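This report concerns only the one structure given below.
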Amino acid sequence: MSKKKNSPIYIFAEALKLYFSNFDKFVKYMTFPVLGQFLGLLLTLVLSYFYAINLPNLAKKIPALNDFSTLLLFAILICLPGLTIFLKAFWEYLVAYGAVNSMLENMIKSGKVYDFDAHTELIKRRTVSFVGLWALVGLFSLLSLIPFFWVPCAVFAIFFVLIFQVFTFEPEQTPLGCAKRSLELVKGHFASTFLLIALVGALTYFLIPQIAKVFCDYTHITLALSNLTKPFIMLLPIAEWNNILAYIYLPPLKLDEVAMFVVSSFIAQIFIQYTLPLRSILCGVWYKSLNGGKLGVNTDSKKKSKSKRPSDKLMEESHKKLTSKKLDRNILKRAMEKDSES
């Protein structure tokens, strides 16, 4: 029976059950992190577009715009509102990588998700370490762009797949320590881990976006959105790109095709980002399985009476830090306890 519970198929099914039993809450939780990014980019593009097409007339009315530094300053100010929304949403999306893992213990105990602010705050309390972890991920991603490192990076990506789970459940770990700990957990279970990542990747990166694409194509949503994006696409140097493509005997780019591709890519990306909780839950359940059925550091019974888990210390520190804030001082405690209604 224990072997069955540790099998990739069982882990995958358990993750699906936990995710879809709280589907509406996860959709609500991810709405700003996902749609906020696209709203910010859209606002930036729209304001920049109207600024660009009206610049000649504005320069006549406002002579200061003929100066490059003033021109640049106005461009930055115009882009600032959209970029602010985008960066705020992007940061919340990155935080969700850890916050969803923090919610897992509630889901396993009661099957419910509650106190989103508390779980988010637990990650934000460790901003420096969290940014360091993402910097490590960024460096690894840049390295993976070099063709020579494609295969090694693909292998190590499987070994490092649990770094955000380690970060959440083992707060004493450094960013490098998270990578090392993930490697230790996955070592000896590479094939099962690869199968799990393949299953959830096929579902969230291919199947769900494809279903969404078919629906949007059938209802002409893609076509309508592509028509709206054409004015922005026309600003791109497509003619110059086609000259380059002609030299390497590739077919030229067409405005309609580029617009449809951009819109389809955005739609797919929206659904991929919305399903982040499913991927995090699956990795969290797998972490629990590989960690002896526990969400956190395994400690000896002798040490338990003398020391507290780093996460417990973090909770106490968070209580002290948040006493002077409007946030309910008990919210962090409730985030780690079973729902009183269950």
Side-chain angles (χ1 to χ4, degrees), residues 11-12 14-23 25-27 29-30 33-34 91-127 129-134 136-137 157-175 177-186 193 196-197 200 204 273-298 309-315 318 331-332 334-339:
I11 298 295
F12 184 67
E14 183 69 11
L16 288 175
K17 183 183 74 174
L18 292 172
Y19 174 70
F20 284 107
S21 62
N22 296 278
F23 179 75
K25 296 179 181 178
F26 281 124
V27 169
Y29 175 67
M30 295 301 298
V34 175
W91 170 244
E92 295 293 334
Y93 180 77
L94 296 183
V95 169
Y97 272 82
V100 172
N101 290 311
S102 180
M103 301 170 197
L104 182 60
E105 192 166 1
N106 289 148
M107 287 187 282
I108 292 175
K109 288 181 178 179
S110 65
K112 298 179 181 179
V113 177
Y114 45 93
D115 280 340
F116 286 95
D117 290 339
H119 298 289
T120 300
E121 186 64 27
L122 282 172
I123 303 302
K124 289 182 177 179
R125 278 278 292 105
R126 302 164 60 201
T127 296
S129 296
F130 194 61
V131 170
L133 184 62
W134 270 109
L136 191 63
V137 172
I158 303 299
F159 280 115
F160 297 152
V161 75
L162 300 179
I163 58 173
F164 291 104
Q165 286 65 42
V166 175
F167 176 87
T168 303
F169 299 120
E170 303 179 24
E172 78 284 359
Q173 296 285 1
T174 64
C178 290
K180 181 181 178 181
R181 176 67 174 145
S182 177
L183 190 149
E184 291 173 353
L185 290 168
V186 175
T193 305
L196 278 172
I197 300 306
V200 76
T204 62
Q273 291 195 7
Y274 259 113
T275 53
L276 167 65
L278 175 56
R279 295 188 291 274
S280 292
I281 291 170
L282 181 136
C283 290
V285 176
W286 186 230
Y287 166 90
K288 179 175 180 288
S289 176
L290 298 180
N291 195 46
K294 297 181 180 181
L295 292 174
V297 182
N298 289 315
R309 284 178 54 189
S311 57
D312 295 330
K313 295 179 181 179
L314 178 64
M315 293 289 289
S318 297
I331 196 171
L332 293 174
R334 296 201 312 271
M336 303 300 291
E337 293 177 349
K338 186 176 179 180
D339 190 357

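For clarity, every value in this text was computed on a predicted model and none was experimentally measured.
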I281 vs V285, side chain to side chain contact (heavy atoms under 4.5 Å, CB included): CA-CA, chis, key distance, verdict: CA-CA 6 Å; I281 291 170; V285 176; 4.2 Å; yes
Audit row: V95, T127, side chain to side chain contact (heavy atoms under 4.5 Å, CB included) steps and yes/no: CA-CA 9 Å; V95 169; T127 296; over 6 Å; no
Check whether [X] reaches the backbone of [Y] with its side chain - one donor and one acceptor, N or O, closer than 3.5 Å.
X    : Y    : value
T174 : G177 : yes
S182 : A179 : no
N291 : K294 : yes

Could you tell me whether the side chain of [Y] reaches within less than 4.5 Å of the side chain of [X], counting heavy atoms only?
X    : Y    : value
V166 : L185 : yes
F169 : K288 : no
I108 : L295 : yes
L16  : L278 : yes
I163 : Y97  : no
V100 : F116 : no

F164/V137 under side chain to side chain contact (heavy atoms under 4.5 Å, CB included): CA gap, chis, key distance, verdict: CA-CA 10 Å; F164 291 104; V137 172; 4.2 Å; yes
Rounded to the nearest 0.5 Å, what separates atom [atom1] in [X] from atom [atom2] in [Y]?
X    : Y    : atom1 : atom2 : answer
K112 : S21  : NZ    : OG    : 11.0 Å
E121 : S102 : CD    : OG    : 11.0 Å
Y19  : R279 : OH    : CZ    : 9.0 Å
T168 : L133 : OG1   : CG    : 9.0 Å
N101 : Q165 : CG    : CD    : 4.0 Å
L282 : L104 : CG    : CG    : 10.5 Å

Candidate pair H119 and N106, rule side-chain hydrogen bond (donor to acceptor under 3.5 Å, both in side chains), full reasoning: CA-CA 10 Å; H119 298 289; N106 289 148; 3.0 Å; yes
Polar side chain donor-acceptor pair, E170 to Y287, under 3.5 angstrom: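 Result is yes, a qualifying pair exists.
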Provide the closest heavy-atom pair for [X] versus [Y] in the form atom of the first, atom of the second, distance.
X    : Y    : value
I123 : A99  : CG1-N, 3.5 Å
Y29  : T120 : OH-OG1, 3.4 Å
P277 : F26  : CB-CD2, 3.6 Å
Q173 : C178 : CB-SG, 3.8 Å
L18  : N22  : O-ND2, 3.1 Å
G132 : P175 : C-CG, 3.9 Å

Partners meeting ring-ring contact (aromatic ring centres under 6.0 Å, His included) with F20 (sequence neighbours left out):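 Once residues adjacent in sequence are excluded, the partners of F20 under the ring-ring contact (aromatic ring centres under 6.0 Å, His included) criterion are F23.
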Lys/Arg-Asp/Glu bridge criterion (N-O < 4.0 Å) met for K109, E105: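 Yes, K109 and E105 are salt-bridged.
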Partners passing salt bridge (charged side-chain N to carboxylate O under 4.0 Å, His left out) against K25 (at least two apart in sequence or in another chain): none
Partners passing side-chain contact (heavy atoms from CB on, under 4.5 Å) against K17 (at least two apart in sequence or in another chain): E14
Heavy-atom neighbours of K124 NZ exceed 12 at 6.0 Å: yes
Parallel, tilted or perpendicular: rings of F130 and F167 (30°, 60°):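 Correct class here is tilted.
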